[in-house]
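Please see the structure below; I have some questions.
Keep in mind that the numbers below use all heavy atoms, side chains included, and drop hydrogens, waters and symmetry copies.
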Amino acid sequence: MSDQLNIVRFPDRKAIEEEAARWVARLDARGELTATELASLKQWVSQSSQHKEAIDRMSALWGGFDILDEVNYTEEVVSDIVQPAWFNSPKWWATGAIAATLLIVSLVGMLNPQQVEMGLPQAGHYYTAIGEQRTIALADGSEVILNTNSEVKFELTDTVRNIHLVKGEAHFEVASDKERPFLVHANGGIVKAVGTAFTVFLRKKAVEVTVSEGVVALFPQSEGSVVDEALGLSVASLTPVAALTAGQNAVFSEEVESMTRMSDEALDRKLLWRGGFIAFAGEPLATVVADVSRYTDVVIEIDDPALEQLPVGGYFKVGEVEGMFEALEGAFGVSVERLSPTKVKLSQAS
């Protein structure tokens, strides 16, 4: 008999976490499930204790409601293809977590008046120049850190917190407020959060998102572009293309182009710019130059295609390209030719 028959295959925890995040994001976005979806969710949760623990943990991270209570409740009604009465209420999620919800509302109520009195903005338009970084405190208790050469517009209303990332990169520390979703509009897509921390970077035709805390949902460009609160349209009517949890990075446009789970070390490096540094751990020189170039007006050219693949590692202070040039010359065998005060050519040292 083959030894393979004796192999015990353990559940893929990463896949379980991602599936749980997708269910929670779908519930939060639409406020209800069809009878078929409800049956599928119940069946998925019942497969193992890992599934139950994952979706309970995700729901707690997402907004404080208890999905397991709702799934258990549907056991008596799912075969009738009838939505439970509590689905008709816009506050159905509060059924399983009323105490936690009241606590959050109380804390927000205590916090917001004080912050408004301090003059924190309800709306605004902010920029950063090349090499500049800026921290913006919002009236809801959230915080935005703008990276180099970035632009953001925002408006906080009674029903929604709309943030438009016009260019560049921003990190968001989101104050939890279940009544007002936090929506980051970027390249036509939307990143939705409740109480979490994440970074959004605008690529040429896509959006890159890195989550450091909590859960976010991604809505593709084809759907995100039609959302307009002024016309009465809401993100709640859309279906997320993916949900990310802490430690995940994704690039998306019309669909998800890539999704990875990062190590703690990689995540720390990815977000090091918030402290004024950038770090690399073996990335190709071409990637390093592209990233460093965002923080300076110095044009950096690589004259040898083979040199573009040279792996580079190190920590560099934002905007101080001379430190990087010195490291390339001293440790990586790269010749640095200064053609002008604003133009440098990199080549293989002879």
Test side-chain contact (heavy atoms from CB on, under 4.5 Å) applied to Thr245 and Arg261, step by step: CA-CA 9 Å; Thr245 60; Arg261 182 166 294 280; 3.1 Å; yes
Mind running side-chain contact (heavy atoms from CB on, under 4.5 Å) on Trp273 and Thr199 for me, showing each step along the way? CA-CA 11 Å; Trp273 64 264; Thr199 296; 4.2 Å; yes
Qualifying residues under side-chain contact (heavy atoms from CB on, under 4.5 Å), relative to Asn149, sequence neighbours excluded: Ile130, Lys167
For Glu322, which residues count as a side-chain hydrogen bond (donor to acceptor under 3.5 Å, both in side chains) partner, sequence neighbours excluded? Arg338
Glu265 side, atom CD; Lys270 side, atom NZ - distance, nearest 0.5 Å: 15.5 Å
Separation of Glu301 CD from Lys343 NZ (nearest 0.5 Å): 4.0 Å
Scan for side-chain hydrogen bond (donor to acceptor under 3.5 Å, both in side chains) pairs involving residues 284-297, sequence neighbours excluded, and state none if there are none. Asn147-Tyr295, Glu169-Arg294, Asp291-Arg294
If you round to the nearest 0.5 Å, how far is CD of Gln122 from CG of Leu156? 5.0 Å
Transitive ILVMFWY side-chain link Val289 to Phe332, under 4.5 Å: yes
His164 and Glu151: side-chain donor and acceptor closer than 3.5 Å? no
Indicate, with yes or no, if Ile136 and Val166 share a hydrophobic cluster defined by side-chain heavy-atom contacts under 4.5 Å among Ile, Leu, Val, Met, Phe, Trp and Tyr. no
Note: Gly131 and Thr148 closest approach over all heavy atoms is N-OG1, 2.7 Å
Would you name the heavy atoms of Phe316 and Ala327 that are closest together and state the gap between them? CE2-CB, 3.9 Å
Side chain Thr128, main chain Ser150, donor-acceptor under 3.5 Å: yes
Determine whether a donor-acceptor pair (N or O, by modelled atom type, separation under 3.5 Å) exists between the side chain of Arg269 and the backbone of Asp264. no
Can you hop from Val336 to Leu307 via hydrophobic side chains spaced under 4.5 Å? yes
Heavy-atom closest pair (His171 atom, Ala197 atom, distance to 0.1 Å) is NE2-CB, 4.1 Å
By side-chain hydrogen bond (donor to acceptor under 3.5 Å, both in side chains), Arg134 pairs with (sequence neighbours left out) none
What pairs with Thr210 under side-chain hydrogen bond (donor to acceptor under 3.5 Å, both in side chains), at least two apart in sequence or on another chain? Asn249
Audit row: Asp177, Asp140, side-chain contact (heavy atoms from CB on, under 4.5 Å) steps and yes/no: CA-CA 8 Å; Asp177 184 348; Asp140 69 326; 5.6 Å; no
The reported gap from CG in Asn187 to CZ in Phe201 (rounded to nearest 0.5 angstrom) is 10.5 Å
Look up atom CZ in Phe280 and atom CG in Leu285, then write down how far apart they are to the nearest 0.5 Å. 10.0 Å
Taking it one step at a time, do Arg274 and Glu173 satisfy salt bridge (Lys or Arg N to Asp or Glu O under 4.0 Å)? CA-CA 12 Å; Arg274 298 174 302 169; Glu173 298 276 351; 3.8 Å; yes
Of all heavy-atom pairs between Pro240 and Ala217, which one has the smallest distance, and what is that distance? CB-CB, 4.1 Å
Val209 and Leu202: same hydrophobic cluster, using ILVMFWY side-chain contacts below 4.5 Å? yes
Matching residue for Val312 among Val334, Val292, Val288 - test: side chain to side chain contact (heavy atoms under 4.5 Å, CB included): Val288
Examine distances only and state if a side-chain atom of His51 and a backbone atom of Trp44 form a donor-acceptor pair shorter than 3.5 Å. yes
Over all heavy atoms of both residues, which pair between Gly247 and Leu267 is shortest? Give the atoms and the distance, please. CA-CD2, 4.2 Å
Applying the 4.5 Å side-chain criterion to the ILVMFWY set and letting contacts propagate, would Leu138 and Ile145 be lumped into a single cluster? no
Without swapping roles, check the side chain of Ser340 against the backbone of Thr342 for a donor-acceptor pair under 3.5 Å. yes
When clusters are formed from ILVMFWY side-chain contacts under 4.5 Å, directly or step by step, what else is grouped with Tyr315? Leu272, Phe277
Nearest 0.5 Å, please: how far is CD in Glu337 from OG in Ser347? 6.5 Å
Using every non-hydrogen atom in the two residues, find where Val256 and Ala242 come nearest and quote the distance to one decimal. CG2-CB, 3.7 Å
Could you tell me whether the side chain of Glu283 and the main chain of Ala281 form a donor-acceptor pair under 3.5 Å? yes
Do Ile278 and Met324 have side chains that approach each other closer than 4.5 Å (heavy atoms only, starting at C-beta)? no
Measure up the Phe198 and Phe182 rings against each other and bin them: parallel (under 30°), tilted (30 to 60°), perpendicular (over 60°). perpendicular
With Leu183, which of Ile190, Val191, Ile163 fulfils side chain to side chain contact (heavy atoms under 4.5 Å, CB included)? Ile190
